[in-house]
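Worksheet for the structure shown next.
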Amino acid sequence: MTTKTILVTGGAGFIGSHVVRLLVNKYPDYSIINLDALTYAGNLANVADLEEESNYSFVKADITDLEAMRKIFAVYPIDTVVHLAAESHVDRSIEDPLIFVKTNLVGTATLLQAAREAWKGAHDGKLFYHVSTDEVYGSLGETGFFTEETPYDPRSPYSSSKAGSDHLVRAWHHTFDLPVVLSNCSNNYGPYQFPEKLIPLFINNIRNEKPLPVYGKGVNVRDWLYVEDHARAIDLILHEGRVGETYNIGGHNEWRNIDLIKVICRTMDEKLGRPAGSSEELITYVTDRAGHDMRYAIDASKLKEDLGWTPSLQFEEGIAKTIDWYLENEEWMRGVTSGAYKDYYDSMYKNR
Ligand code: NAD
Ligand code: TDX
């Protein structure tokens with residue numbers, strides 16, 4: 001018997017695929033519907049292992065299409081939404097901001113409205129879970145951490161569209177009583193991440209002996225979390241989080257970009273049997289990202305104290321696992337880097 005019907009949006013993307021996998025495998029009595037528009041970032045190869053599972057289904061649809069969203073709620077008895085679908089890459093938001101406004105703001109509002117209409121105020125057992133980012137809090141100096149109380153101060157079209165989507169979710173809660181929960185997570189890494197993001201891009205370039213484009217001086221700091229630990233946190237918040245609350249998720253694992261890149265270079269030299277130092281020779285300093293946030297760091301103590309979550313993987317283990325995965329899954333990389341990806345890469349890096 002199905003005890004819960006969960007609509008996961010963006011489940012063919014990086015984090016969404018791990019969330020869908022965890023829910024499908026852990027809860028055979030739940031029905032998991034993966035809704036994704038399959039943009040350049042969405043790839044059914046990311047969830048190919050789940051296709052045959054009886055508690056899993058896939059729907060191709062666009063979250064900005066209200067009629068399509070109404071239809072999903074009419075067809076399936078959805079009681080829970082886990083909303084990850086978004087445009088997610090900061091550099092793309094600088095090149096083409098309007099699609100971020102459309103997907104992240106209009107898309108989130110459309111989904112909220114469809115849920116509200118379907119649930120008609122009968123909110124018992126219902127939940128709209130919005131997955132967001134630490135970037136909404138802005139940029140830190142050398143010290144301090146983002147807490148759930150940190151005022152919003154987004155600076156890129158991406159982070160401001162995510163900040164706006166968080167506000168929309170809270171507005172539907174306060175105005176229409178929609179049961180919501182939110183989480184804001186730091187940078188994720190791991191298998192199935194699209195190679196426009198730092199870690200998979202650099203792994204792929206090292207393998208192909210291509211330059212490693214480090215923005216600015218490489219001194220910006222990010223707080224990295226293994227993607228399966230994020231998925232575990234989402235599972236926990238989904239089941240035990242308090243309605244109306246926000247939880248920060250982070251790895252307490254800060255790295256300056258250049259130091260992280262050197263770890264990847266050294267590990268890749270060893271794994272590929274190349275002379276020590278050869279990957280570092282590929283490092284090329286390029287024009288900085290416009291408005292590049294200096295440092296992100298999350299204080300995840302609320303999640304730890306209230307719900308008992310801590311990251312399970314140390315970074316050294318996580319990054320080694322991640323590199324192994326990309327090296328073993330060349331075909332996946334070839335699939336996602338063919339065609340349109342090449343045009344993206346050529347245009348994004350040609351003037352740097
Ligand atoms: P991603 O770009 O890998 O995946 C996004 C998915 O959303 C893709 O499968 C894409 O096809 C789908 N999508 C895009 N537009 C859509 C639309 N209009 N309708 C339906 N589906 C659509 O992103 P990700 O890195 O997996 O991030 C997932 C979520 O987590 C995002 O909301 C992001 O803001 C958030 N987040 C990401 C990170 C990170 O480090 N990657 C950290 C914190 C929060
Ligand atoms: O080629 C590059 N060179 C480089 O120096 C790329 C792609 C990135 N960088 C730098 C920019 C950042 O300081 O590396 C850092 C990480 O960059 P990204 O992987 O693009 O991540 P970031 O901009 O930090 O945003 C990520 O974390 C928060 C995700 O893309 C977001 O979706 C998430 O919300």
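Every number for a ligand or one of its atoms is a count from 1 in the order of the listing. Since the model is a prediction, treat every value here as computed from it, not as a measurement.
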Practice item. Please write down residue, atom name and distance for the protein heavy atom closest to atom 24 (O) of ligand 2. Key: Arg222 NE, 2.7 Å
Review point. Any salt bridge between Glu196 and Arg92, counting N to O under 4.0 Å?
Key: yes
Point to revise | Check: Tyr158 N/O within less than 3.5 Å of ligand 2 N/O | key: yes
Practice item. Considering heavy atoms of the protein only, find what lies nearest to atom 10 (C) of ligand 2 and give residue, atom and distance to 0.1 Å. Key: Asn257 ND2, 3.5 Å
Exercise for review: Answer yes or no: does an N/O atom from Asn43 fall short of 3.5 Å to an N/O atom of ligand 1?
Suggested key: no
Check your understanding: Short N/O distance, under 3.5 Å, between His230 and ligand 1?
Key -> no
Practice item. Check ligand 1 against Thr133 and write out every atom of the ligand that is under 4.0 Å from a heavy-atom position of the residue. Key: 43 (C), 44 (C)
Check your understanding: What atoms in ligand 1 come closer than 4.0 Å to a heavy atom of Leu38?
Key -> 11 (O)
Exercise for review: Any chance you could lay out the ring pair (Phe, Tyr, Trp, His ring centres under 6.0 Å) test for Tyr189 and His230, step after step, and finish with the verdict?
Suggested key: CA-CA 10 Å; Tyr189 70 99; His230 188 188; over 10 Å; no
Study note, to complete from the structure: Of Leu225, Val131, Leu236, Asp229, the one forming a side-chain contact (heavy atoms from CB on, under 4.5 Å) with Ile249 is Leu225
Exercise for review: Test the Arg289-Tyr215 pair against the cation-pi criterion, namely NZ or CZ under 6.0 angstrom from the six-membered ring centroid and within 45° of the ring axis.
Suggested key: no
Check your understanding: Which part of Val90 is near ligand 2, with near meaning a heavy atom under 4.0 Å away: side chain, backbone, both or neither?
Key -> side chain
Practice item. Considering only non-hydrogen protein atoms, determine which one is nearest to atom 19 (O) of ligand 2 and report residue, atom name and distance to 0.1 Å. Key: Leu198 N, 2.9 Å
Review point. Out of curiosity, is Ser186 lining ligand 1, as in a heavy atom under 4.0 Å away?
Key: yes
**Study point:** SB check Arg334 Glu330 (cutoff 4.0 Å)
**Key:** yes
Exercise for review: Please say whether Glu135 places an N or O atom under 3.5 Å from an N or O atom belonging to ligand 2.
Suggested key: yes
Exercise for review: Using a strict 4.0 Å threshold on nitrogen-to-oxygen distance, state whether Arg222 and Glu254 make a salt bridge.
Suggested key: no
Check your understanding: Considering Asn34, Ile15, Asp134, which one's heavy-atom position lies nearest to atom 30 (O) of ligand 1?
Key -> Ile15
Review point. Do Leu35 and Tyr27 belong to the same hydrophobic cluster, where Ile, Leu, Val, Met, Phe, Trp and Tyr are linked whenever their side-chain heavy atoms lie under 4.5 Å apart, directly or via other members?
Key: no
Review point. So His167 and Tyr152, would you call those rings parallel, tilted or perpendicular, with 30° and 60° as cut-offs?
Key: tilted
Check your understanding: Which residue supplies the protein heavy atom nearest to atom 20 (O) of ligand 2, what is that atom called, and how far is it?
Key -> Arg289 NH2, 2.9 Å
Check your understanding: What's the verdict on ring pair (Phe, Tyr, Trp, His ring centres under 6.0 Å) for His18 and Tyr192, showing C-alpha distance, side-chain angles and the deciding distance?
Key -> CA-CA 9 Å; His18 290 275; Tyr192 299 112; 5.7 Å; yes
Review point. Counting from 1, what ligand 1 atoms have a heavy atom of Ala12 closer than 4.0 Å?
Key: 9 (O)
Check your understanding: So, is Leu35 polar-close to ligand 1, with some N/O to N/O distance under 3.5 Å?
Key -> no
Check your understanding: Considering only protein heavy atoms, which is closest to atom 29 (C) of ligand 2, and at what distance to one decimal place?
Key -> Ser88 O, 4.0 Å
Check your understanding: Do any heavy atoms of Lys162 fall under 4.0 Å from ligand 2?
Key -> no
Practice item. May I ask you to check whether Phe202 has an N/O atom sitting below 3.5 Å from an N/O atom of ligand 2? Key: no
Check your understanding: Is the shortest distance from a Lys or Arg side-chain nitrogen in Asp269 or Arg266 to a carboxylate oxygen in the other one below 4.0 Å?
Key -> no
Review point. Ligand 1 and Ala37, any nitrogen or oxygen pair closer than 3.5 angstrom?
Key: yes
Check your understanding: Taking the inter-plane angle between the rings of Trp255 and Phe315 on a 0 to 90° scale, is it parallel (under 30°), tilted (30 to 60°) or perpendicular (over 60°)?
Key -> tilted
Check your understanding: Within 45° of the six-membered ring axis of Tyr247 and under 6.0 Å from that ring's centre, is NZ or CZ of Lys302 located there?
Key -> yes
Review point. What class does the angle between the rings of Trp325 and Trp332 fall in, given that below 30° is parallel, 30 to 60° is tilted and above 60° is perpendicular?
Key: perpendicular
Exercise for review: Look only at interatomic distance and state if Asp36 has a nitrogen or oxygen under 3.5 Å from any nitrogen or oxygen of ligand 1.
Suggested key: yes
Exercise for review: Measure from atom 35 (C) of ligand 1 to every heavy atom in Val106, Val131, Asn187 and give the option owning the shortest one.
Suggested key: Val131
Check your understanding: N/O to N/O below 3.5 Å, does that happen between Tyr296 and ligand 2?
Key -> no
Check your understanding: So is Thr64 polar-close to ligand 1, meaning N/O to N/O under 3.5 Å?
Key -> no
Practice item. Going by the side chain to side chain donor-acceptor pair (under 3.5 Å) test, name the single residue among Glu148, His130, Arg170 that passes it with Thr246. Key: Arg170
Point to revise | Nearest-contact summary for atom 8 (C) of ligand 2 - protein heavy atom, Å | key: Tyr215 CE1, 3.6 Å
Check your understanding: Considering only heavy atoms, which of Phe100, Tyr158, Phe14 lies nearest to atom 33 (C) of ligand 1?
Key -> Tyr158
Review point. Would you call Asp293-Arg295 a salt bridge at under 4.0 Å N-O?
Key: no
**Study point:** Whether Ser132 lies under 4.0 Å from ligand 1, heavy atom
**Key:** yes
Practice item. Answer yes when Asp324 and Lys271 have at least one side-chain N-carboxylate O distance shorter than 4.0 Å, and no when they do not. Key: yes
Review point. Which of parallel (below 30°), tilted (30 to 60°) and perpendicular (above 60°) describes His123 and Trp119?
Key: perpendicular
Review point. Taking non-hydrogen atoms only, is Thr103 closer than 4.0 angstrom to ligand 1 via side chain, backbone, both or neither?
Key: side chain
Exercise for review: Before signing off on this row, confirm whether Val214 and ligand 2 have an N or O atom pair separated by under 3.5 Å.
Suggested key: no
Check your understanding: So which heavy atom in the protein is nearest atom 4 (O) of ligand 1, and how far is it from that ligand atom?
Key -> Gly13 CA, 3.5 Å
Practice item. Check each heavy atom of Lys162 against ligand 1 and say whether those closer than 4.0 Å belong to the side chain, the backbone, both or neither. Key: side chain
Review point. Near Cys185, which atoms of ligand 1 are under 4.0 Å from a heavy atom of that residue?
Key: 42 (C), 43 (C)
Check your understanding: Can you find an N or O of Asp62 that's nearer than 3.5 Å to an N or O of ligand 1?
Key -> yes
**Study point:** Pick from Ala61, Gly16, Gly10, Ala86: the one approaching atom 14 (C) of ligand 1 most closely through a non-hydrogen atom
**Key:** Ala86
Review point. When you look for heavy atoms under 4.0 Å from ligand 2, do you find them on the side chain of Asn188, its backbone, both, or neither?
Key: neither
Exercise for review: Please indicate whether any nitrogen or oxygen in Asp91 is less than 3.5 Å from any nitrogen or oxygen in ligand 2.
Suggested key: no
**Study point:** Shortest protein contact, atom 12 (C) of ligand 2 (heavy atom only)
**Key:** His292 NE2, 3.4 Å
